[in-house]
Chemist: 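Dropping a structure here in structure tokens format, bear with me for questions.
In listed order, ligands and their atoms are each counted from 1.
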Amino acid sequence: MRKPIIAANWKMNKGPAETEDFLKGLISKIGKATDKCDVVIAPPFVSLPTATKLLASHDVSVAAQNVSQYDAGAYTGEINVMMLKELYVPYVIIGHSERRAIFGETDEVLNAKMHKVRETNLKAIFCIGETLEEREAGQLDEVLRRQLTEGLKGLSEKDVLETVLAYEPVWAIGTGVTASPEQAQEAHAKVRVILAESFGGEVADKVRIQYGGSVKPDNAAELLAQPDIDGALVGGASMEVGSFLQIIENGSSAAAQ
Ligand SMILES: O=C[C@H](O)COP(=O)(O)O
């Protein structure tokens, strides 16, 4: 049984003050929700110290939204894995479609990032997913296969077991259009088949795969009720404590059934 994992990706929203407000609200209301679901918050870099401090004695983890593939040195604007370690940040999102599309991060760059993450024992939330054009051209399988094979190249079975995957169809991100539970389930099942080919059936069976793309309180249950969907990577609806908690509650209850 895979424990669901629900993560809030705030993207370029919420500086330290707003992060503090949100987390104080979350802490006061989250109760026992983390018994049945792992919860992760990914604020912008500048808000990570606030988040790790406030969450230090709570069962909610922190993620960075990105990390450099480089070590320390002349890389203006970059943050390396050791800096995340120093802040006690356990997770990092790698390969979000916005990083791929807007910042030109290739499969090769993302693979280098994955190696840095694993060399320092951080855990990645590794994102994959097709554009609308790719889906309409019948390339879903090919795209997932390329992103997984190239992105996870050279990693060990243990590395992959320590990784969370996030299937996020690009056409569903921030659009209000959610993949149907059947579409999402079909893609998640494909991901497990591809993983099994490269890393074996046991790894494929144990790895947690989140769905992302317009997850809301009212669709979280039907998505997480799917057999291969183990959580959610939530953007817009994670910005308010109430809706994020509702997703955790609805999603984790459905997953448990
Ligand atoms: O990382 C989160 C995803 O990009 C989903 O964003 P969204 O929930 O606003 O569609």
Chemist: Just distances here: any N/O of G236 and N/O of ligand 1 closer than 3.5 Å?
Modeler: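 Min N/O separation from ligand 1 is below 3.5 Å for G236.
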Chemist: Please give me the minimum heavy-atom distance between G174 and S214, naming the atom from each residue.
Modeler: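 Minimum heavy-atom contact is N-OG, 4.0 Å.
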Chemist: Any nitrogen or oxygen of I173, side chain or backbone, less than 3.5 Å from one on ligand 1?
Modeler: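 N/O-N/O distance below 3.5 Å does not exist for this pair.
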Chemist: Does any N or O of ligand 1 fall below 3.5 Å from an N or O anywhere on S214, backbone included?
Modeler: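 N/O-N/O distance below 3.5 Å exists for this pair.
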Chemist: Looking only at protein heavy atoms, which one is nearest to atom 8 (O) of ligand 1, and how far off is it?
Modeler: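 In this structure, atom 8 (O) of ligand 1 has G235 N, 2.9 Å as its nearest protein heavy atom.
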Chemist: Return the residue, atom name and 0.1 Å-rounded distance of the protein heavy atom closest to atom 3 (C) of ligand 1.
Modeler: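 The protein heavy atom lying closest is E168 OE2, 2.9 Å.
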Chemist: Quick one about Y211 and Q183 (side-chain donor to acceptor, distance below 3.5 Å, no hydrogens or angles considered), yes or no?
Modeler: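 Q183 vs Y211: no donor-acceptor pair found between side chains.
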Chemist: Between K11 and ligand 1, is there a nitrogen or oxygen pair with a distance under 3.5 Å?
Modeler: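 So ligand 1 has an N or O lying under 3.5 Å from an N or O of K11.
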Chemist: Looking at A172, which atoms of ligand 1 are within less than 4.0 Å of one of its heavy atoms?
Modeler: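 The atoms of ligand 1 under 4.0 Å from a heavy atom of A172 are 10 (O).
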Chemist: Under a 4.0 Å threshold between the charged nitrogen and the carboxylate oxygen, would D205 count as salt-bridged to R2?
Modeler: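 A salt bridge is present here (some side-chain N lies under 4.0 Å from a carboxylate O).
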Chemist: Should the pair E150-K153 be classified as a salt bridge under the 4.0 Å nitrogen-to-oxygen rule?
Modeler: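 Counted as a salt bridge, because a side-chain N and a carboxylate O are separated by less than 4.0 Å.
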Chemist: Do me a favour and list the nearest non-hydrogen protein atom to atom 1 (O) of ligand 1 with residue, atom name and distance?
Modeler: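 The answer is N9 ND2, 2.9 Å.
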Chemist: Salt bridge (Lys or Arg N to Asp or Glu O under 4.0 Å) with D230: which of K206, R192, R208?
Modeler: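 Option passing the salt bridge (Lys or Arg N to Asp or Glu O under 4.0 Å) with D230: R192.
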Chemist: Can you confirm whether the side chains of W10 and Q65 place a donor and an acceptor under 3.5 Å from each other?
Modeler: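 Note: W10 and Q65 side chains miss the donor-acceptor criterion.
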Chemist: Can you list the ligand 1 atoms lying under 4.0 Å from a non-hydrogen atom of G213?
Modeler: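 It comes down to these atoms of ligand 1: 5 (C), 10 (O).
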